[in-house]
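Down below is the structure, laid out as structure tokens.
Just the heavy atoms: all of them, side chains too, but no hydrogens, waters or symmetry mates, feed the values below.
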Amino acid sequence: MHHANINTVLGEQLVSLARLACDHAYAPYSEFPVGVSILASDGRIFTGVNVENASYGLTICGERSAFVSAISCGAKEFLGIAIFTPTETASFPCGACRQFMAEFCSNVPIFIGCNKGEIVHTSVVDLLPNSFHFSQGDKTSISTYERTPQQLAMCIDIDNVLAASDSTMRKCIERVTNGRVHLSYDDICSFDYWRCSDIHGQQITYEEWKVCHDLFSSPEIISQIAVLPGAVEAVKELSKGFKIHFATSRLPAARQATLEWLHSHGFPSEDTHFVSSGQKHQAVGPVWACVEDDLNQAMAFAKSGCLFPLVISHPWNALGDRTWAIRRVTGWEQVLDILL
């Protein structure tokens with residue numbers, strides 16, 4: 001990953017995750033919630049919040065909360081820290097937290113965000129240039145970007161991310177309804193096709209949708225689906241630095257045909273997951289990045305610690321929650337620009 005991307009995209013995504021964590025802060029006394037996210041060198045993301053106590057001295061800050069969580073899970077090397085507070089200006093960590101962070105990292109970048117949207121970029125050593133150590137050795141030179149693992153996990157959706165499935169599905173709908181419903185690409189304003197109307201106000205029923213879904217899942221239909229531009233080349237390039245997982249909520253009947261489709265187009269198929277809708281983040285486990293067309297699924301990945309939840313822009317995800325945790329992209333070229 002290029003340093004330019006680290007200083008921009010990484011900061012934005014870590015702050016987004018810190019902002020998500022901030023909602024869980026327990027701050028009834030100060031009413032000053034703090035959310036923190038930290039990136040370990042193995043690609044895992046850990047979050048923390050401030051937890052206050054009626055006996056004020058027992059309060060733990062968000063920064064220490066996040067690091068205690070990380071250390072408890074075996075993380076010892078770190079690549080980035082983000083802090084978020086719902087304030088108009090950036091709020092810097094207290095002296096105790098600066099010393100606490102200096103125990104584990106000094107050259108690591110810190111990104112501090114607030115409601116205004118501006119992100120302040122600093123580092124532990126900048127905030128505490130003369131931190132206390134028992135030894136004079138620099139314990140934290142390990143936190144260089146070049147030590148990022150080369151096999152971080154990544155999850156890629158299939159339909160409308162790798163495969164141009166929408167046009168095929170709309171043809172199935174026209175076939176099942178004998179031409180009564182003729183949906184255009186721009187008509188698909190919902191992830192659920194049966195909620196969409198064509199130019200004449202015609203919709204398919206839910207029962208018709210189930211027939212369409214079964215038809216779409218047939219081997220003869222799946223084998224004809226085109227690949228989205230740039231997908232094959234992009235996945236091959238990404239596979240040099242990521243462990244690629246494909247995940248889809250296609251029906252079980254489509255499993256074999258889907259694996260054959262992936263293989264025929266040069267995609268690896270040994271790590272393909274067939275899961276229920278909305279459950280990909282649970283089936284695949286922790287990932288560094290995901291590429292989706294479903295905003296809800298991308299948000300689920302973000303909440304589970306995915307640093308780069310990317311959504312390929314389509315009409316059905318143009319509306320809804322334009323959350324700061326999601327990065328919207330127009331195609332595979334932009335995916336590569338962000339991740340490589």
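- Across all non-hydrogen atoms, the minimal contact from Val161 to Asp293 is CG2-N, 3.7 Å.
- A distance of 11.5 Å separates NE2 in His281 from CE in Met299, rounded to the nearest 0.5 Å.
- Between the side chains of Thr177 and Glu208, not a single donor N or O lies within less than 3.5 Å of an accepting N or O.
- Heavy-atom minimum distance, Pro309 versus Cys290: CA-SG, 3.6 Å.
- A donor-acceptor pair shorter than 3.5 Å can be found between the side chains of Arg328 and Asn317.
- Closest of all the heavy-atom pairs between Ser190 and Arg195 is OG-CD, 3.7 Å.
- Under 3.5 Å, the side chains of Tyr193 and Asp166 contain a donor-acceptor pair of N or O atoms.
- When all heavy atoms of Phe46 and Cys73 are compared, the closest pair comes out as CE2-CB, 3.6 Å.
- Side chain of Asp214 to backbone of Val211: no donor-acceptor contact under 3.5 angstrom is found.
- Ala254 approaches Arg250 most closely through the heavy-atom pair CB-CB, 4.2 Å.
- One hydrophobic cluster holds both Ile221 and Ile188 under the rule that ILVMFWY side chains link at heavy-atom gaps under 4.5 Å.
- Ring to ring, Phe67 and Phe78 are close: their centroids are under 6.0 angstrom apart.
- Side-chain contact check for Asp157 versus Leu162: every heavy-atom pair is 4.5 Å or farther apart.
- Summarising the geometry of Leu340 relative to Glu237, their closest heavy-atom pair is CD1-CG, 3.5 Å, with the distance given to 0.1 Å.
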